[in-house]
Amino acid sequence: MQRYLGILCASIAVICAIMLRADKYVLVYFNLNVSDKQNKENTDLHHILSPDKLSKFNGVDNNKICLAILGNVYDVSKGKKHYGPESGYHGFAGKDGSRAFATGDFTKTGLIPDTRGLSNTDILSIQDWKEVYDQQYAYLGKVSGWYYDQYGKPTEYLKEFEVSLRRAQADKTSDDNDRKLYPDCNSEWSQAEGGRVWCSNLSGGIQREWAGVPRQYFKPGKSSPRCACVKTTGTPSGQAESSSGHGDLDNPNFKLYQDCDPMSASCKIPS
């Protein structure tokens with residue numbers, strides 16, 4: 001009896017060992033497959049094209065049309081009517097022409113990746129265009145050179161752009177908040193009558209209880225003034241209280257338009 005029990009126990013031990021080994025092999029095989037799949041996905045996600053390789057996808061040398069913006073490559077083949085040969089935006093095909101998205105300079109010297117020296121508005125415009133491509137076209141990878149190196153790592157130029165973008169976004173937020181305090185004027189111009197600015201309860205797209213009067217607004221840090229509608233009564237904008245009751249009329253950053261009545265809601269603009 002003891003002999004049979006010994007054989008049975010030995011048999012069970014062998015079977016368990018085989019099952020454990022089999023599970024180990026299955027687990028190893030599964031992990032290898034997952035690892036291979038992840039590596040492939042990472043390779044696809046970070047596919048790097050050289051500028052020369054990208055230039056081939058111009059709709060002439062290759063049916064596929066690709067372009068890059070801020071170093072990111074997109075397949076725009078479905079927009080062939082815009083980017084194909086003889087189309088208005090064919091200059092973007094096969095290259096990174098980031099600067100031209102803001103400047104509109106579609107010449108050889110304008111269709112370049114360098115965005116240094118552009119205004120905040122231009123920087124925001126380029127970022128807006130990138131977001132359009134993110135939404136409407138297939139992302140393929142990156143192009144090496146200006147914004148990414150041959151391994152797909154960001155260059156100093158990309159970091160510089162990102163700093164400029166953050167600054168531009170912060171300035172835009174500040175300007176948007178400023179326009180809520182001092183809304184833009186309505187304006188019109190004709191050759192016969194010249195220019196005119198005026199204020200209403202909805203000028204500048206800001207709904208409010210007061211209309212205000214037009215003033216040239218010299219905001220600190222800005223190179224040129226804009227027409228703003230300012231309060232004529234109550235506390236100054238952005239302040240909790242004031243004893244003057246003149247609204248924003250005493251603010252030194254506001255200047256009266258030439259030959260305009262200080263309390264008029266409309267002013268003529270000299271030609």
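The figures that follow rest on heavy atoms only: side chains count, while hydrogens, waters and symmetry mates do not. If you read the sequence from its start, that first residue is 1, and numbering goes on from there.
- Between Leu256 and Pro262, the shortest heavy-atom distance links the atoms CD1-CA, 3.8 Å.
- From Leu70, atom CG reaches atom OG of Ser98 across 4.5 Å, with rounding to the nearest 0.5 Å.
- With sequence neighbours excluded, the residues forming a side-chain contact (heavy atoms from CB on, under 4.5 Å) with Ser203 are Asn186, Cys199, Ser200, Arg208, Cys229, listed by chain and number.
- Taking the charged nitrogens against the carboxylate oxygens, Asp171 and Arg167 have no contact shorter than 4.0 Å, which rules out a salt bridge.
- Here the closest non-hydrogen pair linking Asp248 and Pro236 is OD1-CA, 3.4 Å.
- Taking the six-membered ring where the residue is Trp, the centroids of Phe106 and Phe92 are separated by under 6.0 Å.
- Taking Tyr147 as the reference, nothing meets the ring pair (Phe, Tyr, Trp, His ring centres under 6.0 Å) condition, with sequence neighbours excluded.
- Every residue was checked against the salt bridge (charged side-chain N to carboxylate O under 4.0 Å, His left out) condition with Lys53, not counting sequence neighbours, and none meets it.
- Residues satisfying the ring pair (Phe, Tyr, Trp, His ring centres under 6.0 Å) test with Trp210, not counting sequence neighbours, are none.
- Note on residues 211-232: pairs passing salt bridge (Lys or Arg N to Asp or Glu O under 4.0 Å), not counting sequence neighbours, are Asp175-Lys219, Asp175-Lys222, Asp178-Arg226, Asp184-Arg226.
- Nearest heavy atom pair, residue Gly59 against residue Ile65, reads CA-CG1, 3.6 Å.
- Side-chain atoms of Asn72 never come within 3.5 Å of backbone atoms of Ala68 as a donor-acceptor pair (strictly under, hydrogens ignored).
- Using a 4.5 Å heavy-atom cutoff, the side chains of Val213 and Val230 are in contact.
- Val143 has its side chain within reach of Pro51: a pair of non-hydrogen atoms, C-beta onward, lies under 4.5 Å apart.
- Minimum heavy-atom separation, Pro85 to Val60: CG-CG2, 3.7 Å.
- Residues Leu181 and Phe254 are members of one and the same hydrophobic cluster, defined by side-chain heavy-atom contacts under 4.5 angstrom among Ile, Leu, Val, Met, Phe, Trp and Tyr.
- Two residues are said to be in side-chain contact when any heavy atoms from C-beta on lie closer than 4.5 Å; Leu165 and Leu124 meet this criterion.
- One finds the CH2 atom of Trp146 at 7.5 Å from the CD1 atom of Ile112 (value rounded to the nearest 0.5 Å).
- The ring pair (Phe, Tyr, Trp, His ring centres under 6.0 Å) search around Phe57 returns none, not counting sequence neighbours.
- Ile126 CD1 to Leu118 CG: the interatomic distance, rounded to the nearest 0.5 Å, is 5.0 Å.
- Note on Val197 and Leu249: separate hydrophobic clusters, where clusters join Ile, Leu, Val, Met, Phe, Trp and Tyr whose side-chain heavy atoms are under 4.5 Å apart, directly or indirectly.
- Proximity of Ile69 to Phe101: side-chain heavy atoms (C-beta onward) are separated by under 4.5 Å at one or more points.
- Legend: side chain to side chain donor-acceptor pair (under 3.5 Å) pairs involving residues 79-91, not counting sequence neighbours, sorted by first then second residue: Tyr83-Tyr133.
- Here Lys159 pairs with Glu156 in a salt bridge; the nearest charged N to carboxylate O distance falls below 4.0 Å.
- Going from atom CD1 of Ile269 over to atom SG of Cys267 covers 6.5 Å, rounded to the nearest 0.5 Å.
- Cation-pi contact between Lys153 and Tyr148: absent, since separation from the ring centre below 6.0 Å together with deviation from the ring axis within 45° is not met.
- Going from atom CG of Leu140 over to atom CG of Leu49 covers 7.5 Å, rounded to the nearest 0.5 Å.
- Using modelled atom types, one finds no donor on one side chain facing an acceptor on the other under 3.5 Å when comparing Asn120 with Lys172.
- Here Trp198 pairs with nothing under the ring pair (Phe, Tyr, Trp, His ring centres under 6.0 Å) rule; sequence neighbours left out.
- For the side chain to side chain donor-acceptor pair (under 3.5 Å) condition, the pairs that include at least one residue of residues 54-68, sequence neighbours left out, are Asp52-Lys56, Asn58-Asp61.
- In this structure Thr109 satisfies the side-chain contact (heavy atoms from CB on, under 4.5 Å) test together with Asp105, Thr107, sequence neighbours excluded.
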(Q) For a side chain to side chain contact (heavy atoms under 4.5 Å, CB included) check, start with the C-alpha distance between Gln150 and Ile48, then their side-chain angles and the critical distance, and finish with the verdict. (A) CA-CA 7 Å; Gln150 59 182 324; Ile48 310 300; 5.6 Å; no
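- When all heavy atoms of Gly195 and Trp189 are compared, the closest pair comes out as N-CD1, 3.4 Å.
- The two residues Tyr182 and Ser237 have their closest heavy-atom pair at CE2-CB, 3.6 Å.
- There is no side-chain donor-acceptor pair under 3.5 Å between Thr155 and Asp149.
- When hydrophobic clusters are built by joining Ile, Leu, Val, Met, Phe, Trp and Tyr residues whose side-chain heavy atoms come closer than 4.5 Å, directly or via intermediates, Ile123 is not grouped with Val163.
- Atoms OH and SG, on Tyr217 and Cys227 in that order, are 13.0 Å from each other to the nearest 0.5 Å.
- Screening residues 259-269 for side chain to side chain donor-acceptor pair (under 3.5 Å) gives Arg196-Ser266 as the qualifying pairs, with residues at least two apart or on separate chains.
- Thr173 contributes a side-chain N or O that, together with a main-chain N or O of Gln169, makes up a donor-acceptor pair within less than 3.5 Å.
- Sorted by first and then second residue, the salt bridge (Lys or Arg N to Asp or Glu O under 4.0 Å) pairs with a member in residues 109-135 read Asp114-Arg116, Lys130-Asp134; sequence neighbours excluded.
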